[in-house]
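Working notes, beginning with the structure itself.
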Amino acid sequence: MYEKITPPTTGAKITFKNGEPIVPDNPIIPFIRGDGTGIDIWPATEKVLDAAVTTAYKGKRKISWFKVYAGDEACDLYGTYQYLPQDTLTAIKEYGVAIKGPLTTPVGGGIRSLNVALRQIFDLYACVRPCRYYAGTPSPHKNPEKLDVIVYRENTEDIYLGIEWKQGSEIGNRLIKILNEELIPATPEHGKKQIPLDAGIGIKPISVSGSKRLVRRAIKHALTLPKDKQQVTLVHKGNIMKYTEGAFRDWGYEVATAEFRQESVTERESWILGNREKNPNISSEENARMIDPGFDALTPEKKAQIVKEVETVLNSIWASHGNGKWQEKIMVNDRIADSIFQQIQTRPDEYSILATMNLNGDYLSDAAAAIVGGLGMGPGANIGDSCAVFEATHGTAPKHAGLDKINPGSVILSGVMMLEYMGWQEAADLIKKGLSAAIANGEVTYDLARMIEPPVKPLKCSEFADAIIKHFG
Ligand SMILES: NC(=O)C1=CN([C@@H]2O[C@H](COP(=O)(O)OP(=O)(O)OC[C@H]3O[C@@H](n4cnc5c(N)ncnc54)[C@H](OP(=O)(O)O)[C@@H]3O)[C@@H](O)[C@H]2O)C=CC1
Ligand SMILES: O=C(O)CCC(=O)C(=O)O
Ligand SMILES: [Mg+2]
């Protein structure tokens with residue numbers, strides 16, 4: 001079955017039922033070490049995960065690690081250009097849950113991202129990146145503890161589908177010609193616009209199914225959070241890209257109101273209900289004026305539309321959501337993408353789950369990680385219905401590779417997410433406890449040490465792993 005790798009002789013497979021993992025006490029878990037700093041981070045991560053499982057379960061549970069190859073290491077073993085060997089894909093498919101270090105992607109040419117390929121091959125449609133603060137972590141922000149968000153990023157489409165044509169290529173030129181001469185003129189709303197003849201072209205598909213399954217998962221996750229965090233914000237640039245980003249917003253609201261009607265309220269609905277609660281005799285038109293600040297300047301058709309919206313909401317959900325009942329529901333709102341970047345800095349505590357398309361989520365997860373201490377503190381998971389691959393938000397950080405210096409925190413915390421996903425909460429809690437105590441004690445790697453006042457001596461990557469284990473307590 002495998003060409004160059006052999007699974008561990010002990011251990012059992014994780015299987016899936018209705019999208020949920022069924023985990024034996026001795027699961028076989030494939031891991032990819034990763035390029036660049038993966039060489040430093042993986043041994044530290046494995047050591048911490050194993051120590052936590054041993055301490056928590058005293059031998060009753062154990063992970064059997066299965067080394068599989070991707071990136072530079074794979075080329076060394078399998079030959080030139082064998083960046084993602086079939087062995088690796090077979091192992092991940094067979095064992096269902098895997099963890100990986102970062103993999104290099106060249107800019108401008110060369111291979112396409114192996115990280116993105118894994119997400120697409122296994123249909124890992126939700127990229128889940130929690131950004132929360134561990135006490136004592138130095139941060140460029142005054143109140144980093146106020147940020148506690150989970151970026152829920154669509155993981156398989158958008159421009160990451162990778163369908164693009166190089167400037168000057170034959171097909172690219174043909175496409176531009178067809179667009180300029182046939183398709184754009186046939187679309188009146190595009191007027192006399194033309195694509196520059198010297199452009200490269202990329203395609204940005206955003207589908208109903210891709211958007212809805214992501215938002216569905218985000219809402220289900222929100223339902224498991226404490227009441228004050230039960231909120232999903234749909235992030236989009238729908239004012240500019242109406243039929244992709246704007247549609248993502250609309251489909252997100254459709255999921256909330258059609259599939260989670262009893263559990264959710266949209267922000268606009270909450271305003272309409274709230275206006276009626278404050279003034280039981282309020283007219284529909286007055287209510288419409290209050291939810292839309294520009295109401296008086298609108299055309300009569302637009303005004304009528306908003307009045308109708310008010311009446312529809314009151315007729316359909318006043319009984320189930322009115323008189324303050326909406327305050328017990330999951331709030332679904334939306335924010336324009338550029339605005340959310342400033343909102344998570346200026347009003348961090350107003351947000352919880354941020355549901356995004358692929359590119360916006362990529363940017364936003366790095367930005368949110370920076371607020372709580374940087375990319376060394378940014379874990380993540382790529383989740384599908386029959387497979388999950390855990391990996392950090394950051395990349396290979398090549399300038400720090402092989403120095404035993406980098407912060408392994410993000411991959412270790414990705415391991416914590418994996419343990420939680422497996423239902424091994426006791427082991428996950430031990431690691432969070434050990435990591436919190438190490439940080440609070442100033443035992444940190446260079447990235448955090450350089451921000452601490454007065455300065456502390458940085459630990460090596462491997463020493464940080466040891467400090468976490470020491471603080472299991
Ligand atoms: N999922 C994946 O595997 C990903 C892969 N990549 C790939 O990684 C490669 C390098 O990308 P690049 O843009 O340099 O981004 P990186 O995330 O690799 O690194 C950028 C900088 O972030 C800081 N950083 C990153 N990781 C850590 C960490 N664990 N601890 C502390 N600081 C950290 C370092 O800053 P400083 O030097 O200031 O300390 C580093 O120089 C590219 O090929 C890219 O495509 C990128 C993202 C995700
Ligand atoms: O695959 C890559 O090289 C980059 C991916 C990335 O930045 C991410 O997933 O956050
Ligand atoms: Mg990224």
Side-chain angles (χ1 to χ4, degrees), residues 31-45 70-74 83-84 98-121 124-129 131 137-140 151-162 356-370 372-383 389-415 435 439 444-451 458-462 464-465:
F31 71 93
I32 294 169
R33 183 199 73 189
D35 296 328
T37 46
I39 199 169
D40 308 290
I41 291 173
W42 179 255
T45 301
D72 295 338
E73 234 197 343
Y83 286 98
L84 196 52
I99 182 164
K100 64 177 279 294
L103 295 167
T104 305
T105 316
V107 175
I111 56 160
R112 288 201 177 266
S113 167
L114 306 170
N115 311 300
V116 172
L118 284 168
R119 298 166 196 167
Q120 290 171 349
I121 290 167
L124 307 172
Y125 60 87
C127 177
V128 183
R129 293 182 165 174
C131 297
T137 312
S139 159
V151 177
Y152 244 87
R153 163 190 178 195
E154 199 292 321
N155 218 15
T156 60
E157 50 185 38
D158 199 346
I159 53 172
Y160 288 63
L161 198 55
T356 77
M357 280 155 287
N358 214 332
L359 179 63
N360 291 335
D362 193 353
Y363 294 163
L364 196 55
S365 52
D366 268 41
V372 293
L375 281 174
M377 299 298 290
N382 302 292
I383 313 263
V389 177
F390 294 79
E391 69 174 338
T393 293
H394 64 69
T396 56
K399 69 180 173 185
H400 304 298
L403 303 176
D404 193 13
K405 170 185 176 188
I406 200 77
N407 186 350
S410 309
V411 180
I412 291 173
L413 286 169
S414 305
L435 182 124
I439 291 174
V444 293
T445 44
Y446 84 96
D447 51 321
L448 303 183
R450 71 186 167 190
M451 289 195 283
L459 296 188
K460 293 177 180 172
C461 173
S462 54
F464 184 54

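Both counts, for ligands and for their atoms, begin at 1 and track the order of listing. Only this structure's heavy atoms are used, side chains among them; waters, hydrogens and symmetry mates stay out.
- Inside a 4.0 Å radius of atom 21 (C) of ligand 1 there is not any protein heavy atom.
- The residue Met377 has no part lying near ligand 1, judged by heavy-atom distances below 4.0 Å.
- Under the 4.0 Å distance rule, the nearest protein heavy atom to atom 41 (O) of ligand 1 falls inside the cut-off.
- No side-chain donor from either of Tyr83 and Asp72 sits under 3.5 Å from a side-chain acceptor of the other.
- Summarising the geometry of Pro408 relative to Thr445, their closest heavy-atom pair is CD-CG2, 4.2 Å, with the distance given to 0.1 Å.
- Relative orientation of the Tyr446 and His400 rings is tilted, given thresholds of 30° and 60° on the angle between their planes.
- Taking only nitrogen or oxygen atoms, main chain and side chain alike, Ile41 does not reach within less than 3.5 Å of ligand 1.
- Residue contacts with ligand 1 for Asn407 involve both N, CA, C or O and side-chain atoms from C-beta outward (heavy atoms, distance under 4.0 Å).
- Closest to atom 17 (O) of ligand 1 by heavy atom, among Gly110, Gly409, Pro398, Gly395, is Gly395.
- Of all protein heavy atoms, the one closest to atom 7 (C) of ligand 1 is Leu103 O, 3.6 Å.
- Atom OD1 is the N, O or S atom of Asp362 at the shortest distance from the Mg ion (ligand 3).
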Carefully, step by step, assess Thr356 and Val151 under the rule side chain to side chain contact (heavy atoms under 4.5 Å, CB included). CA-CA 7 Å; Thr356 77; Val151 177; 4.3 Å; yes

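- Heavy-atom proximity to Lys100, at under 4.0 Å, picks out these atoms of ligand 1: 3 (O).
- Close approach to Pro102 involves these atoms of ligand 1, each under 4.0 Å from a residue heavy atom: 3 (O).
- Within ligand 2, counting atoms from 1 as listed, the ones closer than 4.0 Å to a heavy atom of Asn115 are 1 (O), 2 (C), 3 (O).
- The protein heavy-atom contact nearest to atom 39 (O) of ligand 1 is Tyr446 OH, 2.5 Å.
- With hydrogens left out, the protein atom closest to atom 1 (N) of ligand 1 is Glu391 OE1, 3.1 Å, a heavy atom.
- One distance of note links CZ of Arg129 with CG of Leu413; it measures 13.5 Å at 0.5 Å rounding.
- In summary, the side chains of Thr396 and Asp35 do not present any donor paired with an acceptor at a separation below 3.5 Å, with no hydrogens or angles considered.
- Listed by number with element, the atoms of ligand 1 under 4.0 Å from a non-hydrogen atom of Arg119 are 1 (N).
- Checking only distances, Ser410 never comes within under 3.5 Å of ligand 1, N or O to N or O.
- In the vicinity of Thr105, heavy-atom distances shorter than 4.0 Å reach the ligand 2 atoms 1 (O), 2 (C), 3 (O).
- Proximity of Arg119 to ligand 2, defined as any heavy-atom pair under 4.0 Å, is confined to the side chain (atoms from C-beta onward).
- In summary, the side chains of Glu157 and Asn358 do not present any donor paired with an acceptor at a separation below 3.5 Å, with no hydrogens or angles considered.
- The backbone N or O of Leu103 sits less than 3.5 Å from a side-chain atom of Asn115, completing a donor-acceptor pair.
- The closest side-chain heavy-atom distance from Ile406 to Ile41 is below 4.5 Å.
- For the pair Asp404 (side chain) and Ser462 (backbone), a donor-acceptor distance under 3.5 Å is present.
- Of the protein's non-hydrogen atoms, His394 O, 3.3 Å is the one closest to atom 48 (C) of ligand 1.
- Residue contacts with ligand 1 for Val107 are absent, since no atom lies close enough (heavy atoms, distance under 4.0 Å).
- Here the protein heavy atom with the shortest distance to atom 38 (O) of ligand 1 is Arg450 NH2, 3.4 Å.
- Distance CD1/Ile32 to CG/Leu114: 8.5 Å, rounded to 0.5 Å.
- Of all protein heavy atoms, the one lying nearest to atom 44 (C) of ligand 1 is Thr105 N, 4.2 Å.
- Close approach of ligand 1 to Thr104 is summarised as follows: ligand atoms under 4.0 Å from at least one heavy atom of the residue are 43 (O).
- Contacts of Glu391 with ligand 2, taken as heavy-atom pairs under 4.0 Å, are absent altogether.
- Checked for salt-bridge contact, Arg153 and Asp362 meet the test: a charged N lies under 4.0 Å from a carboxylate O.
- Protein heavy atom at the shortest distance from atom 18 (O) of ligand 1 is Ala397 N, 2.7 Å.
- The heavy atom nearest to atom 24 (N) of ligand 1, considering only Asp366, Leu448, Leu375, is found in Leu375.
- Ligand-side atoms of ligand 1 in range of Lys399: 37 (O), 41 (O), range being under 4.0 angstrom from any heavy atom.
- Which parts of ligand 1 touch His400 is read off a 4.0 Å heavy-atom cut-off, strictly below it: atoms 36 (P), 37 (O), 39 (O), 41 (O).
- Using a 4.0 Å threshold on non-hydrogen atoms, atom 26 (N) of ligand 1 counts as touching the protein.
- For atom 11 (O) of ligand 1, no protein heavy-atom neighbour is found at a distance under 4.0 Å.
- Within the 4.0 Å heavy-atom cutoff, Arg129 counts among the residues contacting ligand 2.
- We find the CG-CG distance between Asn407 and Leu448 to be 5.5 Å, quoted to the nearest 0.5 Å.
- Residue contacts with ligand 1, taken as heavy atom pairs separated by less than 4.0 Å, do not involve Lys405 at all.
- Here the OG1 atom belonging to Thr156 is positioned 9.0 Å from the CG atom belonging to Leu124, to the nearest 0.5 angstrom.
- Formation of a donor-acceptor pair under 3.5 Å by the Thr105 side chain with backbone atoms of Arg112 is not found in this model.
- When side chains are defined from C-beta on, Ile99 does not count as touching Glu391, because their heavy atoms never get closer than 4.5 Å.
- The option with the heavy atom closest to atom 1 (O) of ligand 2, from among Pro106, Ala117, Ser113, is Ser113.
- Between the NZ atom of Lys100 and the CZ atom of Phe31 there is a distance of 13.5 Å, given to the nearest 0.5 Å.
- Rounding to the nearest 0.5 Å places CE of Met377 at 9.5 Å from CD1 of Ile412.
- No part of Arg112 comes within 4.0 Å of ligand 2, judged by heavy-atom distances.
- Close contacts between ligand 1 and Asp447 involve ligand atoms 30 (N), 31 (C) [criterion: under 4.0 Å to a heavy atom].
- Contact annotation: for Asn115 versus ligand 1, heavy atoms closer than 4.0 Å belong to the side chain alone.
- Residue contact check for ligand 1: Leu114 places no non-hydrogen atom closer than 4.0 Å to it.
- A donor-acceptor pair under 3.5 Å is formed between the side chain of Ser410 and the backbone N or O of Leu375.
- Of the possible polar contacts, none joining the Asp158 side chain to the Tyr160 backbone as a donor-acceptor pair under 3.5 Å is found.
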Where do Asp40 and Leu403 land on the side chain to side chain contact (heavy atoms under 4.5 Å, CB included) test, with the steps shown first? CA-CA 7 Å; Asp40 308 290; Leu403 303 176; 5.6 Å; no

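- Taking only non-hydrogen atoms, the option from Ile412, Ile32, Thr396, Ile406 nearest to atom 8 (O) of ligand 1 is Thr396.
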